[in-house]
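In the text below, chain A, chain B and the rest are named by the order of the sequence lines, each starting its count at 1. Only a predicted model underlies this, so the values are computations on that prediction, with no experimental measurement involved.
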2 protein chains.
Amino acid sequence: MTEDKNADAMMDVEGGDSWNTFKSFLAANDLRVTSQRQAIFRAAYYSDDHFTAEDLLTKARQIDRSVSRATVYRTLPILTESGLIKEVDIGKDYLFYVSHRNATTFKAQVICKDTDRIIEVDAPFMEWYGKAVAARLGMQVVSMRLQIEARPSDGVEVPEVPSASRENG
Amino acid sequence: MTEDKNADAMMDVEGGDSWNTFKSFLAANDLRVTSQRQAIFRAAYYSDDHFTAEDLLTKARQIDRSVSRATVYRTLPILTESGLIKEVDIGKDYLFYVSHRNATTFKAQVICKDTDRIIEVDAPFMEWYGKAVAARLGMQVVSMRLQIEARPSDGVEVPEVPSASRENG
DNA sequence: GTAAGTGCAAAACCTTTGCACGTCG
DNA sequence: CGACGTGCAAAGGTTTTGCACTTAC
């Protein structure tokens with residue numbers, strides 16, 4: 001049940017057939033295509049915002065009732081390793097994730113202390129800077145994160161950014 | 001027991017009387033000076049490396065046997081709020097802390113994936129960069145972190161840095 | 001003397017894991 | 001049909017908390 005055509009139908013919405021990317025990744029790693037993985041993939045990849053494992057469980061269950069928490073936790077590493085989503089650790093007790101659609105350059109996170117909103121900001125310069133810092137220590141960058149906790153300046157209203165938690169730099 | 005003179009005797013080792021700073025902070029916040037807090041302060045502030053809560057418990061107990069895990073966890077926020085130590089979250093299940101002696105400029109952390117060592121690196125430029133990024137969103141920086149996971153470049157031996165996990169930039 | 005601090009052990013919380021059953025290929 | 005995947009519930013591991021006792025001031 002939940003034939004491929006469902007996912008295939010929406011695969012071109014974002015311009016790339018990411019569903020096929022995912023299926024290929026599964027095949028390449030001798031992993032099976034299950035209805036649960038498909039539901040979790042869809043819920044995650046087409047999310048417009050940062051989400052937690054619990055969020056993802058809820059969304060995936062709206063697609064396929066049989067999805068369990070354990071399977072969500074077991075599928076998240078597959079999605080991150082396939083590059084379809086990105087893990088975002090902002091130092092809370094739980095992790096966030098974001099769909100990696102369109103992501104090309106390095107992103108920093110601005111975390112609003114008042115609203116808890118996470119804003120992904122292009123910071124291409126950081127890629128160079130990180131490499132330089134690491135090189136000075138004779139090391140190669142594996143990964144990197146820049147996070148800025150901030151709050152609205154006095155008198156400035158936080159703008160509503162409907163369905164777009166990404167900004168350009 | 002454990003008279004003030006013990007702490008007072010070592011207070012000038014690092015050039016500032018941080019013990020008095022701590023006592024003042026406690027007084028200013030209507031908190032009491034206890035032997036456990038003194039032991040934890042000493043174990044934390046005079047640490048030469050990043051340490052966990054568990055590490056701190058062990059070290060503090062070498063100074064005062066009566067220190068409990070609960071008190072360590074209850075004292076850590078006091079130490080960070082007083083500015084004597086700094087919390088370092090590198091995304092593991094547990095937090096690290098570093099003594100904040102000498103710390104003036106913004107530091108980034110380079111985390112060696114091979115050795116798990118954390119190296120504090122001066123990155124004063126980041127202070128400006130973070131402010132600029134936040135300002136563009138109409139926000140003010142509350143705090144910031146730049147972390148670089150890296151591993152030794154091929155053929156490069158990681159240098160031993162005895163009693164100094166801080167580097168200059 | 002009284003309010004604050006402490007130790008102990010249990011609770012909390014997200015995430016992982018063991019096991020028996022289900023299902024993809 | 002056999003190996004991989006899943007759901008459930010219990011376990012894990014760090015940090016927090018309730019409670020009765022102790023201690024600073």
Practice task
Would you kindly say whether A/T80 and A/K86 are connected by a side-chain donor-acceptor distance under 3.5 Å?
Solution key: no
Completion exercise
In whole angstroms, the gap separating P of C/dC24 from CD of A/Q38 amounts to 11 Å
Practice task
Return the value, rounded to whole Å, for the distance between atom CG of A/L95 and atom C1' of C/dT15.
Solution key: 9 Å
Problem - Rounded interatomic separation in angstrom, taking CZ from B/R61 and P from C/dT6 - result: 14 Å
Exercise for the section: Would you mind classifying the nucleic acid contact of A/R74 as base, sugar-phosphate or nothing, using non-hydrogen atoms under 4.0 angstrom? Expected result: base
Practice task
Could you give me the CA-CA distance, side-chain angles and deciding distance for B/H50 and B/Q109, then say whether side chain to side chain donor-acceptor pair (under 3.5 Å) is met?
Solution key: CA-CA 11 Å; B/H50 295 73; B/Q109 286 87 40; 5.6 Å; no
Completion exercise
Rounded to whole Å, CG of B/D64 lies from P of C/dT6 at a distance of 10 Å
Handout entry: Spacing between B/R65 atom CZ and D/dT22 atom P, to the nearest angstrom
Key = 21 Å
Practice task
Let me know the distance between CD1 of B/I90 and C1' of D/dT14, rounded to the nearest Å.
Solution key: 15 Å
Problem - Derivation and outcome, side-chain contact (heavy atoms from CB on, under 4.5 Å), residues A/V110 and B/V133 - result: CA-CA 8 Å; A/V110 176; B/V133 169; 3.9 Å; yes
Exercise for the section: Go through the side-chain N and O atoms of A/T58 and A/D55 and say whether any donor and acceptor fall under 3.5 Å apart. Expected result: no
Problem - Closest nucleotide among D/dC25, D/dT14, C/dT6 to the B/D93 side chain - result: D/dT14
Problem - Euclidean distance, atom OH of residue B/Y73 to atom P of C/dC8 [Å, nearest integer] - result: 15 Å
Practice task
On DNA chain D, check which nucleotide each of A/L31 and B/A53 is closest to and give me the residue with the more 5' one.
Solution key: A/L31
Exercise for the section: Quick one: label A/Y94 by what it contacts on the DNA or RNA (base, sugar-phosphate, nothing), any heavy atom closer than 4.0 Å. Expected result: sugar-phosphate
Completion exercise
Of C/dC8, D/dC8, C/dG5, the nucleotide closest to the side chain of B/T34 is C/dG5
Problem - Selection from C/dA3, D/dT14, D/dG2 that lies nearest to any side-chain heavy atom of A/R32 - result: D/dG2
Practice task
For C/dT6, take OP1 and OP2 only and decide whether either is under 4.0 Å from a side-chain N or O of B/R37.
Solution key: yes
Exercise for the section: Would you mind reading off the distance between B/L57 atom CG and C/dT6 atom P, rounded to a whole angstrom? Expected result: 13 Å
Problem - Least distance between heavy atoms, B/R32 atom then B/L26 atom - result: O-CD1, 3.9 Å
